[in-house]
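Written out below as structure tokens is the structure these notes cover.
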Amino acid sequence: MAVNTQGTTVPVSFFSCNSDQTNLFSVQPGVPVLNALQMASTFLSVAHGSACQADESCADNSGNAAAYLVTMAKAVIDSIIKGVEFPCSDDRRMQDVLLRLMLLVNDGALIINQEAEPLLRDDATHFLIWAEQQMKGGAQ
């Protein structure tokens, strides 16, 4: 089995439609993983709603069991979406830039030239304050 290192979907056929076990549908390759996980979570939300409605009309609690299983599957997918760091995301790149900037400032390698025009010094000072706030969680 090949390992997917691109962070995208690979083709997976599903939904056998005849006695030969021919699959009718397939997940398309090349979809970014985060987008695919978000869609899977959406599908599970719809399935959960359907299972809950079925439970109200079923005497044997089969809808209730399906609702529990869908809830668990959705929680796993949502956990993956929230827990996986995607190294190519713009937010992650911005965090890396801000971290490096703060390290340079803290090490004294990046300083504001006190001989620069006052407006430029103020802009640089405000930028560094903003960058530090972003590193602490985006406080304004």
Side-chain angles (χ1 to χ4, degrees):
M1 179 176 184
V3 176
N4 180 7
T5 60
Q6 300 302 311
T8 60
T9 56
V10 295
V12 175
S13 297
F14 64 98
F15 203 80
S16 175
C17 64
N18 58 26
S19 59
D20 295 333
Q21 302 299 311
T22 305
N23 288 316
L24 185 59
F25 299 108
S26 177
V27 174
Q28 295 300 304
V31 176
V33 169
L34 183 58
N35 297 129
L37 285 169
Q38 289 168 332
M39 286 305 304
S41 179
T42 300
F43 295 152
L44 287 169
S45 290
V46 173
H48 182 263
S50 297
C52 288
Q53 287 178 352
D55 184 47
E56 293 172 4
S57 63
C58 293
D60 64 358
N61 287 331
S62 60
N64 197 24
Y68 288 147
L69 292 171
V70 168
T71 298
M72 289 185 279
K74 183 174 179 349
V76 169
I77 288 176
D78 290 346
S79 173
I80 292 168
I81 291 170
K82 290 177 183 176
V84 172
E85 289 187 17
F86 293 91
C88 59
S89 75
D90 289 340
D91 288 343
R92 183 68 182 165
R93 286 185 193 148
M94 176 61 88
Q95 286 296 102
D96 288 344
V97 168
L98 292 173
L99 177 62
R100 289 185 183 124
L101 178 64
M102 290 298 100
L103 290 172
L104 289 170
V105 169
N106 292 338
D107 290 343
L110 180 66
I111 59 172
I112 298 172
N113 181 354
Q114 296 302 314
E115 295 177 13
E117 294 180 32
L119 186 57
L120 294 176
R121 284 195 320 261
D122 288 348
D123 284 348
T125 301
H126 287 108
F127 174 75
L128 292 176
I129 291 169
W130 173 85
E132 185 175 22
Q133 288 173 340
Q134 296 305 305
M135 290 302 299
K136 292 178 181 176
Q140 298 277 337

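Note that these values count all heavy atoms, side chains included, but never hydrogens, waters or copies made by symmetry.
Contacts of Asn35 classified as side chain to side chain contact (heavy atoms under 4.5 Å, CB included), with partners at least two apart in sequence or in another chain: Val31, Pro32, Gln38.
The NE2 atom of His126 sits 12.5 Å away from the CZ atom of Arg121 when rounded to the nearest 0.5 Å. In this structure, Leu128 CG and Trp130 CH2 are separated by 11.0 Å, a value rounded to the nearest 0.5 Å.
Residue pairs meeting the side-chain hydrogen bond (donor to acceptor under 3.5 Å, both in side chains) criterion with at least one partner in residues 11-29, sequence neighbours excluded, are Ser16-Gln21, Asn18-Thr22. The list of ring-ring contact (aromatic ring centres under 6.0 Å, His included) pairs with a residue in residues 22-44, not counting sequence neighbours, reads Phe14-Phe25, Phe15-Phe25.
Shown here for Thr9 and Ala36, the closest heavy-atom pair between the two residues is CG2-CB, 3.5 Å.
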Listed pairs under 3.5 Å, donor-acceptor, residues 108-119 side chains, sequence neighbours left out:
| unit_1 | atom_1 | unit_2 | atom_2 | d |
| --- | --- | --- | --- | --- |
| Asn113 | OD1 | Glu115 | N | 2.8 |
| Gln114 | NE2 | Ile112 | O | 3.3 |

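For the pair Ser41 (side chain) and Leu37 (backbone), a donor-acceptor distance under 3.5 Å is absent.
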